[in-house]
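Below you'll find the structure, written out as structure tokens, and then a few comments.
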Amino acid sequence: KLQTCLRIADFGAQNIANTMWAYATLDMSPGEKLNADIERRATAIAEQLTLRNVSNLLWAYAVLDICPGEELLVRLLCSAVEQLRIGQDSSDDLLEENIEMHMVQLHQFMLSYQLRGWGEGRDNSFFRSLKHEIGHKGLELLSTEPTMSSLQRDVAAALRRFEPES
């Protein structure tokens, strides 16, 4: 198990999201105590979470098969809905090249939420709102011209250099 030597209470929004994302990426459980500390801190700073932070956290919870507590879940879902609805974010999370990744992560959480029965006995209005906003944002993206990030252009150029000449 990984040992944490930092105080979770001092973590900012990105630190919290990155920590859970890293555990999920490594397919390692953070353990009950660390998860409780992270959940407590994420709840306390929920209003500071960007769409990227929210989608990384929800994705991590889905991958790790951990349902966040009621208060954190409601705050995360509300934040995601609001940020998708207003369409602006100071961290550029809603740029077309980023929004698709966030929508995939949010969708993965929604599937886990439904398949694992996490919504039983809960008020699911926030969940339904997120589902609606993801569908709405998806339709918007389908109606726009596809774009390519600079990284995607660089990768495509590198691959073209390896193509055999005819």
Side-chain angles (χ1 to χ4, degrees), residues 2-114 116 118-119 122-138 140-141 147 149-152:
L2 294 175
Q3 295 288 324
T4 55
C5 55
L6 298 173
R7 288 179 19 95
I8 298 297
D10 296 333
F11 275 24
Q14 187 174 351
N15 304 119
I16 290 292
N18 287 353
T19 300
M20 286 302 284
W21 177 87
Y23 274 102
T25 300
L26 295 171
D27 196 24
M28 294 178 63
S29 171
E32 286 183 34
K33 182 182 179 341
L34 181 57
N35 183 57
D37 290 345
I38 287 172
E39 185 168 321
R40 195 169 19 263
R41 181 64 180 155
T43 302
I45 62 169
E47 67 280 350
Q48 299 171 25
L49 298 170
T50 65
L51 185 60
R52 176 184 309 244
N53 301 147
V54 170
S55 62
N56 280 344
L57 274 170
L58 288 174
W59 175 82
Y61 282 123
V63 168
L64 295 170
D65 194 14
I66 299 170
C67 184
E70 186 77 23
E71 185 178 1
L72 178 59
L73 180 61
V74 168
R75 287 177 182 231
L76 292 175
L77 294 176
C78 285
S79 178
V81 167
E82 184 63 22
Q83 291 185 59
L84 286 170
R85 189 172 287 152
I86 62 174
Q88 56 191 3
D89 188 297
S90 60
S91 65
D92 292 330
D93 281 348
L94 293 177
L95 292 175
E96 189 173 326
E97 59 202 47
N98 297 327
I99 189 68
E100 292 172 6
M101 175 189 64
H102 304 317
M103 288 177 53
V104 166
Q105 289 179 313
L106 292 168
H107 189 260
Q108 285 178 307
F109 174 79
M110 290 171 42
L111 287 174
S112 292
Y113 186 87
Q114 288 180 304
R116 293 176 175 140
W118 289 346
R122 292 181 177 207
D123 172 12
N124 287 304
S125 57
F126 299 110
F127 180 81
R128 285 189 300 276
S129 294
L130 179 60
K131 189 175 181 179
H132 172 79
E133 287 304 318
I134 286 176
H136 180 70
K137 190 58 77 174
E140 276 181 32
L141 288 172
T147 61
S149 71
S150 58
L151 175 62
Q152 289 170 319

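Values in this document were obtained by computation on a predicted structure and should not be read as measured data.
- Once rounded to the nearest 0.5 Å, the distance linking CG of Leu58 with CG of Leu72 reads 7.5 Å.
- Residues Leu73 and Arg122 are in side-chain contact: their nearest non-hydrogen atoms beyond the backbone lie under 4.5 Å apart.
- The heavy-atom pair separating Ala62 from Phe109 by the smallest distance is CB-CA, 3.8 Å.
- Listed for the Glu39 side chain is a donor-acceptor partner under 3.5 Å among the backbone atoms of Gly69.
- Without hydrogens or angle criteria, Arg41 side chain to Ile16 main chain gives no donor-acceptor distance under 3.5 Å.
- Note that OG of Ser79 and CD of Glu82 are 8.5 Å apart. Values are rounded to the nearest 0.5 Å.
- Rounding to the nearest 0.5 angstrom, the gap separating the CZ atom in Arg52 from the CG atom in Leu57 is 13.0 Å.
- Other residues, nucleotides and ligands contribute over 12 non-hydrogen atoms within 6.0 Å of the CD atom of Glu47.
- Below 30°, between 30° and 60°, or above 60°: for Tyr113 and Trp118 the angle between ring planes is above 60°, a perpendicular geometry.
- Distance CE/Met101 to CH2/Trp59: 10.5 Å, rounded to 0.5 Å.
- The 12-atom threshold is exceeded at CD of Gln108, counting heavy atoms of other residues, nucleotides or ligands nearer than 6.0 Å.
- Taking all atoms of both residues into account, the shortest heavy-atom contact from Met103 to Ile134 is CE-O, 3.3 Å.
- Judged by distance alone, with hydrogens and angles left aside, the side-chain atoms of Asn18 form no donor-acceptor pair with the main-chain N or O of Asn15 at under 3.5 Å.
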Given Leu34 and Tyr23, is the side-chain contact (heavy atoms from CB on, under 4.5 Å) satisfied, shown in steps? CA-CA 11 Å; Leu34 181 57; Tyr23 274 102; 3.2 Å; yes
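- Nearest heavy-atom pair, Ile45 versus Gly12, reported as atom, atom and distance to 0.1 Å: CD1-C, 3.6 Å.
- With contacts defined as side-chain heavy-atom distances shorter than 4.5 Å, the pair Pro30/Ile66 qualifies.
- Looking only at distances, no side-chain donor or acceptor of Arg75 sits under 3.5 Å from a matching main-chain atom of Ala44.
- To the nearest 0.5 Å, the span separating OG1 on Thr19 from CZ on Phe11 amounts to 4.5 Å.
- With hydrogens and angles ignored, the 3.5 Å screen pairs a side-chain donor or acceptor of Asn53 with a backbone N or O of Thr50.
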Can you list the steps and then say if Leu64 with Met20 is a side-chain contact (heavy atoms from CB on, under 4.5 Å)? CA-CA 9 Å; Leu64 295 170; Met20 286 302 284; 3.9 Å; yes
Worked verdict on Leu84 versus Leu106 for side-chain contact (heavy atoms from CB on, under 4.5 Å): CA-CA 11 Å; Leu84 286 170; Leu106 292 168; 4.2 Å; yes
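- Taking a cutoff of 4.0 Å between a charged side-chain nitrogen and a carboxylate oxygen, Asp37 and Lys33 qualify as a salt bridge.
- Distance OH/Tyr61 to CD/Gln105: 14.0 Å, rounded to 0.5 Å.
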